[in-house]
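Inspection log for the structure reproduced underneath, given as structure tokens.
Worth knowing before you read on, the calculation uses all heavy atoms, side chains too, and leaves out hydrogens, waters and symmetry mates.
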Amino acid sequence: ALGLTGCAGDSGSGGDPTYVTLITKDPDNHFWTAMVEGAKTAAKQSNVEITTAAGRDQSDADGQIRAIEDAISRGDDAILIANNGPAVNDAIKRARDAGIYVLALDTPTEPADLVDGTLASDNFEAGQLVGKWAAGALDGKKATIALLDLFADKVVTVDYQRDQGFLSGMGIDTKDRKKNGDEAKTGAYSGGDYQIACNQATNGAEDGGRSAMENCLSLNKDINVVFTANETSGVGAAQALKAAGNTGALLVSIDGSCGGVKSVTEGSFGAVAQQYPSEMGRLGVEAVVKHLRDGVNPTPSEGLDFVNTGVRLVTDKAVNGIESISSAEGAKKCW
Amino acid sequence: MTTTDTPGMTAAEAFRQRPLTPLQRLQRILHRHPQISPLVVLIAAVIVFGLLNPRFLEPSNISLVLQQVAIIGSLAIGQTLIILTAGIDLSVGAAMILVAMVMGSLAGDAGVPGILAFLVGMLCGAVTGLLNGWLVSTVKLPPFIVTLGTLNLFTALGLLMSGGRSIPGDRLGPLLTWTSTSFSVGPFRLTAGVVLVVLMYLVMGYALSQTAWGRHVYAVGDDAGAARLAGIRTRRVLLSVYVVAGVIFALSAWVLIGRVGAATTNSAADANLDSITAVVIGGTSLFGGRGRLLGTFIGALIVGVFRNGLALARVDVLYQTLAIGVLIIAAVTLDQWIRRTGAQR
Amino acid sequence: MTTTDTPGMTAAEAFRQRPLTPLQRLQRILHRHPQISPLVVLIAAVIVFGLLNPRFLEPSNISLVLQQVAIIGSLAIGQTLIILTAGIDLSVGAAMILVAMVMGSLAGDAGVPGILAFLVGMLCGAVTGLLNGWLVSTVKLPPFIVTLGTLNLFTALGLLMSGGRSIPGDRLGPLLTWTSTSFSVGPFRLTAGVVLVVLMYLVMGYALSQTAWGRHVYAVGDDAGAARLAGIRTRRVLLSVYVVAGVIFALSAWVLIGRVGAATTNSAADANLDSITAVVIGGTSLFGGRGRLLGTFIGALIVGVFRNGLALARVDVLYQTLAIGVLIIAAVTLDQWIRRTGAQR
Amino acid sequence: MTGTPILSARGLIKTYGAVVALDGVDLDLYAGEVLAVIGDNGAGKSTLIKCLTGAEIPDMGTLTVDGEQVRFRKPQDARDAGIETVYQTLSLAPALDISANLFLGRERRRPGVLGSVFRMLDKKGMRGDASAKVDDLGIRTIQDISQVVETLSGGQRQAVAVARAVAFGSKVVVLDEPTAALGVRESAQVLGVVRELRERGMGVILISHNMPHVFEVADRIHVQRLGRRAAVITPRDHTMPEAVAIMTGAAEAKEGQA
Amino acid sequence: MTGTPILSARGLIKTYGAVVALDGVDLDLYAGEVLAVIGDNGAGKSTLIKCLTGAEIPDMGTLTVDGEQVRFRKPQDARDAGIETVYQTLSLAPALDISANLFLGRERRRPGVLGSVFRMLDKKGMRGDASAKVDDLGIRTIQDISQVVETLSGGQRQAVAVARAVAFGSKVVVLDEPTAALGVRESAQVLGVVRELRERGMGVILISHNMPHVFEVADRIHVQRLGRRAAVITPRDHTMPEAVAIMTGAAEAKEGQA
Ligand SMILES: Nc1ncnc2c1ncn2[C@@H]1O[C@H](COP(=O)(O)OP(=O)(O)OP(=O)(O)O)[C@@H](O)[C@H]1O
Ligand SMILES: Nc1ncnc2c1ncn2[C@@H]1O[C@H](COP(=O)(O)OP(=O)(O)OP(=O)(O)O)[C@@H](O)[C@H]1O
Ligand SMILES: [Mg+2]
Ligand SMILES: [Mg+2]
């Protein structure tokens with residue numbers, strides 16, 4: 001299986017294509033389909049053939065291991081992977097041992113040097129951005145917070161990174177940064193007092209988001225800050241707020257899809273942290289092509305051990321001291 | 001003879017009239033109407049959660065529970081039909097999502113008039129049912145495998161059609177989002193979706209208990225071979241059940257669009273398991289032929305009450321998962337206890 | 001009489017000796033051994049995928065398929081036992097993960113010697129089985145509900161214990177990661193885990209087909225009431241099945257640790273459905289009492305071959321989902337066709 | 001017997017794997033007669049009537065009803081052709097109650113719009129009728145007409161199955177051991193019903209191991225042996241011991257076969 | 001009869017919801033006798049023997065075996081006490097073959113280590129024995145001893161169930177309508193077996209609707225009527241029509257009850 005990789009360097013020349021496997025965390029979330037689209041667009045321009053694979057859901061390491069093994073068996077040239085946790089590390093090692101070029105997308109591996117390079121955006125930072133924005137927009141008022149996370153039956157990195165990032169952005173002590181829900185339920189955030197009214201799981205979906213928000217409102221009608229860990233759950237939460245007549249709450253979310261940005265324009269979301277999955281896909285393919293042609297790895301961003309594809313805060317209610325772009329601008333970069 | 005005879009009474013009559021404890025009396029009453037035993041479980045759950053957090057009992061929260069169970073509740077109607085025929089449908093959630101995306105793409109992306117999109121959606125639901133039903137009744141494959149296959153098929157079709165994107169409600173027009181219309185009934189707030197689901201329960205409950213078709217559904221599920229020998233067209237009955245269920249899942253898609261305000265592929269990840277759970281907690285046997293739709297309604301409510309109640313009791317997320325597990329077992333244990341000890345008097 | 005009589009032959013003998021097409025001849029042979037019909041499906045799949053991509057047939061890839069199906073394959077052994085008793089186990093994956101985390105925490109975090117951690121893990125598996133079995137056999141709850149409940153329970157316990165963190169293999173010691181040991185057999189590379197799973201199939205296949213216990217398992221699943229009247233201790237048989245299955249799931253956890261090189265909660269998301277699928281494709285009836293463990297083995301291989309073969313044919317993930325759905329239905333249709341037309345000769 | 005048989009079979013063959021259940025069987029049933037089928041256990045009696053009534057599809061052989069060739073692919077086909085059957089296994093739905101089973105497949109609807117538009121079942125009416133029909137067969141111990149069939153005693157269950165077959169007017173009634181589980185009085189009642197059916201001009205096929213019953217009501221007796229028709233005799237030209245001898249292969253039928 | 005009964009019941013009551021199946025029934029069975037139980041359909045015969053053999057738990061009433069009070073909570077308890085039963089529903093596992101059913105619950109293992117350590121079944125031996133035992137009952141039409149029970153004819157199935165009950169030495173054998181589905185020769189064979197059991201000193205309870213059979217083998221006859229014991233008579237002091245009259249309530253038993 002090793003022999004084939006050698007002759008694949010002449011990509012772009014119309015000879016044998018370069019085979020790249022793109023492994024996402026799950027097959028259905030729009031975040032990942034956008035990444036696939038980005039990669040496929042880039043692939044068309046450089047005689048790369050992309051095969052996609054995915055875990056069944058964000059906790060499925062076994063599915064990703066199989067996908068890596070299949071790529072080895074197929075004799076692919078490169079793997080781009082958004083890993084579902086350290087359980088896939090062994091398989092990544094085997095792939096590299098087999099001479100396959102491996103880049104991590106979206107989520108850095110632990111340790112980061114397990115792969116040839118990483119193109120990611122920091123989910124913790126994304127959380128922090130919306131947290132800071134919410135703290136600023138509250139303008140010293142007491143914060144009554146609803147935390148709408150992803151899952152109740154599994155622990156995945158995005159879930160705690162975004163949630164804990166948000167809290168730290170608010171200026172709340174997160175205690176263990178890898179554990180949701182261990183923070184103090186009341187206390188002071190950077191601008192005043194806070195109370196965490198509820199912490200619910202949404203399955204990252206609209207109906208889960210709506211039910212969770214409804215339950216939160218049943219617990220406390222005065223919720224004025226709503227964190228949703230992704231935009232789909234945010235859509236549901238916004239529905240619930242609307243149905244309950246709560247128009248004042250600041251709803252923040254993370255992703256930055258076109259739907260999410262539109263919600264910012266319309267005002268049902270206060271702010272979203274925009275990430276660029278299609279950008280990651282595109283850059284990933286380009287990095288592969290470049291490596292096979294020139295033998296170079298992507299250069300990490302300054303002060304980081306990975307290439308930061310960036311996070312931007314999208315809001316139409318800019319808060320002093322926090323860099324943000326308007327929803328109109330965000331719409332240009334949305335996916 | 002060694003039995004104590006009261007003059008003029010047979011032994012069994014004397015036995016019948018022995019003194020009973022109040023608990024035994026209650027059991028005897030419950031045993032006469034075994035179908036209300038899930039109701040007892042529901043009431044017990046409501047009381048417990050009401051004590052844990054009085055807000056649970058507020059009309060606004062009760063209204064929310066109804067809205068929250070609407071989707072699973074309506075899927076569970078079709079699931080009940082299928083389980084009554086000794087089948088099982090793993091594709092319920094995927095079929096619903098597929099229909100939602102078909103209606104959504106037509107109305108939202110292709111600009112087709114709402115009513116047409118709606119009708120095509122219903123047709124699409126019927127076709128999904130027809131496919132399942134044909135494979136089960138005519139090709140004679142096990143329903144588990146058929147619907148596992150179509151689960152994958154429908155999921156992939158829905159995603160391929162939409163690329164994972166949701167279509168927001170404001171592009172869907174008033175008809176498709178009509179189910180989100182909400183109105184007050186006394187202190188309660190209901191949505192048109194909830195009313196639709198209740199109506200579906202009434203109509204299908206009537207069809208199952210009052211029509212010949214309903215009897216045939218039970219007979220086929222009870223013993224398909226015997227039903228066939230008794231002259232029931234089992235194939236036709238099975239096919240009709242799956243098609244009707246398909247239409248019910250299409251209507252569920254309508255309810256879903258109203259509830260989440262968008263046509264989306266993300267929702268209802270656990271719809272299969274949840275709908276089956278509602279059916280089983282409602283007292284319907286997975287082996288077919290035994291059960292009632294009313295039980296399913298209560299079963300769906302029980303699960304909804306558990307979820308909402310635990311959230312309101314401020315149980316931590318991971319502990320909620322744990323508690324749901326324990327509560328489901330407890331609910332069915334209680335139900336069994338009512339039925340069994342009742343049966344032994 | 002209007003039948004064509006050949007002198008000295010009864011009508012049925014004459015009918016038997018009518019000329020057959022080669023296809024009918026094949027069917028007749030297959031029908032004599034219905035348990036090999038999944039094997040036909042497997043061979044057909046291997047040929048097709050081999051044509052699509054010749055690399056599929058390379059020994060290294062065949063070895064890979066074996067490793068890939070090891071976990072589901074071993075879970076499916078326990079699942080077969082339970083389905084043979086007309087039960088179903090939704091908690092298989094969760095039980096496995098729980099055991100893996102117990103062994104992992106003991107050996108990796110608490111520094112307990114590997115052998116002790118292993119034994120406690122096996123015990124823990126047996127206890128999960130005991131819990132399920134007790135609820136099913138003694139409290140007499142439906143297995144679907146019991147294991148749905150314990151699915152939630154075990155999942156939550158596993159997560160609460162580990163906080164969702166994995167324990168890497170290098171902290172687990174040689175015993176717990178022994179299943180990852182790989183060695184060559186001719187051109188094939190196998191792991192100790194694969195060998196363990198094959199051994200489990202042999203042992204349990206023997207127990208089911210050659211011992212009294214196996215017969216009782218079949219009898220209980222076939223008709224529990226009749227088995228009870230025939231003097232089988234149905235409660236004890238059921239309980240033993242669940243406990244044995246629990247130990248099998250614990251052994252699966254061992255295989256899992258070897259395969260992923262860590263004790264982790266992040267795996268086997270769909271182990272429940274996948275293991276049931278393997279059982280059903282292998283020809284075991286979900287209504288109990290009918291089926292063979294060998295079929296399950298082939299069923300697990302079929303699903304593994306489908307997944308690997310599609311990946312090697314460079315099918316994209318969504319189209320893979322679609323294709324898996326279609327292939328599963330096709331596989332069972334082929335199987336049914338072999339059995340049915342065979343039966344009618 | 002003369003004229004066209006209402007039901008006739010020629011050369012029926014049915015095998016199950018290595019087992020030969022029917023080995024080329026002919027049968028004729030005329031209107032207004034009771035044809036008994038007797039034979040050892042496993043002689044193929046039940047398989048024969050299954051093939052006659054669409055419950056099994058014979059490997060070979062032809063069926064005619066009123067002289068017209070037919071192919072029954074399912075029991076409903078035979079029912080549509082006017083053939084009612086009580087199978088040995090009774091084929092009742094265990095979880096349904098007595099009246100639901102009696103009217104299974106031909107439920108009665110309420111009069112008026114309730115029935116025509118809302119297709120509502122006339123449950124009360126059917127229950128009343130069911131009660132009467134079961135009583136007609138002499139089953140007086142059913143204490144609760146809404147009892148589900150699986151809780152009935154063996155004989156009660158059989159009575160329900162027989163009641164279902166004879167309750168609806170038809171051309172042919174096939175009864176596979178209808179009195180096996182019935183008591184003395186109940187059996188007599190069923191034989192009475194069989195005679196009544198004959199009087200009404202129907203054809204009845206009656207399978208029974210009870211020779212006195214057979215000789216009491218049968219016009220002709222089809223003796224089945226080892227999957228084949230060993231003989232057709234009449235109660236007039238053969239005695240019970242003779243019939244049993246033919247059945248067990250100890251003797252051949254005398255000349256003068258019907 | 002004198003001495004302690006091997007099996008005795010007093011005041012058995014069993015109700016199902018509104019239905020009264022047993023209304024205070026007494027029964028005594030002595031060693032070396034055949035006690036027939038007769039009664040209309042639904043009279044409570046099967047319920048009575050279910051309560052005697054642990055298949056149902058009576059609401060009230062006591063059981064004694066050899067004079068010692070017992071409580072059977074499951075059929076296995078009765079089996080352990082030496083009571084073998086053929087239930088009316090036969091209680092065979094439909095998907096298992098004949099020999100597996102015959103030896104169900106008391107499988108035989110191979111001799112040597114294969115049996116003791118590896119617990120391997122002696123399949124061949126059991127199959128041979130099964131074949132012989134079914135043959136003993138006169139069932140000669142079973143073409144394939146490895147046929148699964150659900151594909152057997154009604155009578156063949158019944159023969160398997162009877163063979164299972166009588167094949168293993170025990171104290172009491174209870175037979176609920178063992179000849180209902182059997183042919184003439186096969187029935188005679190079973191009656192022969194019943195006599196043999198009596199000769200061997202066992203107690204036999206035989207339920208049957210076939211009066212000639214009952215009067216042929218019974219020592220005493222327990223007449224069950226409407227859930228109660230109407231009388232205990234003997235074939236010597238009562239004729240068949242008298243027995244039927246008591247059964248149907250048309251007459252009372254004469255004095256001289258056994
Ligand atoms: N599980 C049950 N639930 C309700 N009623 C029952 C149940 N089992 C039996 N019965 C009723 O109890 C009565 C006695 O039934 P049992 O089976 O003992 O009659 P039997 O004398 O054996 O009749 P047969 O000769 O027809 O076999 C019947 O009326 C029957 O309907
Ligand atoms: N599905 C089947 N598979 C295999 N063999 C079968 C099947 N059905 C019936 N047989 C066999 O065919 C033969 C005839 O059976 P059938 O039921 O017709 O007998 P029968 O004459 O009705 O006997 P009985 O008087 O016992 O009811 C028997 O040997 C039986 O074992
Ligand atoms: Mg028969
Ligand atoms: Mg009886």
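Closest of all the heavy-atom pairs between Asp62(A) and Arg259(C) is OD1-NE, 3.5 Å. Taking both residues in full, the closest heavy atoms of Ser73(A) and Leu64(C) are given as OG-CD2, 3.7 Å, listed atom of the first, atom of the second, then distance. A pairwise comparison of heavy atoms in Val155(A) and Gly163(C) identifies CG1-O, 3.8 Å as the closest pair.
Contacts between Glu49(A) and chain C at a heavy-atom distance below 4.5 Å involve the side chain alone, from C-beta outward. Heavy atoms closer than 4.5 Å to chain C are found in both the backbone and the side chain of Ala87(A). Proximity to chain C (any heavy atom under 4.5 Å) is shown, for Ile23(A), by neither the backbone nor the side chain. Contact annotation for Asp274(C): only side-chain heavy atoms (C-beta onward) come within less than 4.5 Å of a heavy atom of chain A. If you measure heavy-atom distances from Lys40(A) to chain C, the contacts under 4.5 Å come from the side chain alone.
For the atom pair Leu151(C) CG and Asp153(A) CG, the distance stands at 8.0 Å (nearest 0.5 Å).
Of residues 309-318 of chain C, those residues with a non-hydrogen atom less than 4.5 Å from any non-hydrogen atom of chain A are, in numerical order, Ala311(C), Leu312(C), Arg314(C), Val315(C), Asp316(C), Val317(C), Leu318(C). Residues of residues 157-168 of chain A lying within less than 4.5 angstrom of chain C, judged on heavy atoms, are absent.
Residues meeting the salt bridge (charged side-chain N to carboxylate O under 4.0 Å, His left out) test with Lys44(A), sequence neighbours left out: none.
For the residue pair Asp70(A) and Gln68(C), a side-chain donor N or O sits within less than 3.5 Å of a side-chain acceptor on the partner.
Legend: side chain to side chain donor-acceptor pair (under 3.5 Å) pairs involving residues 155-169 of chain C, not counting sequence neighbours, sorted by first then second residue: Asp176(A)-Arg165(C), Ser166(C)-Thr264(C).
No other option in Lys179(A), Gln58(A), Arg66(A) has as many heavy-atom pairs under 4.5 Å with chain C as Arg66(A).
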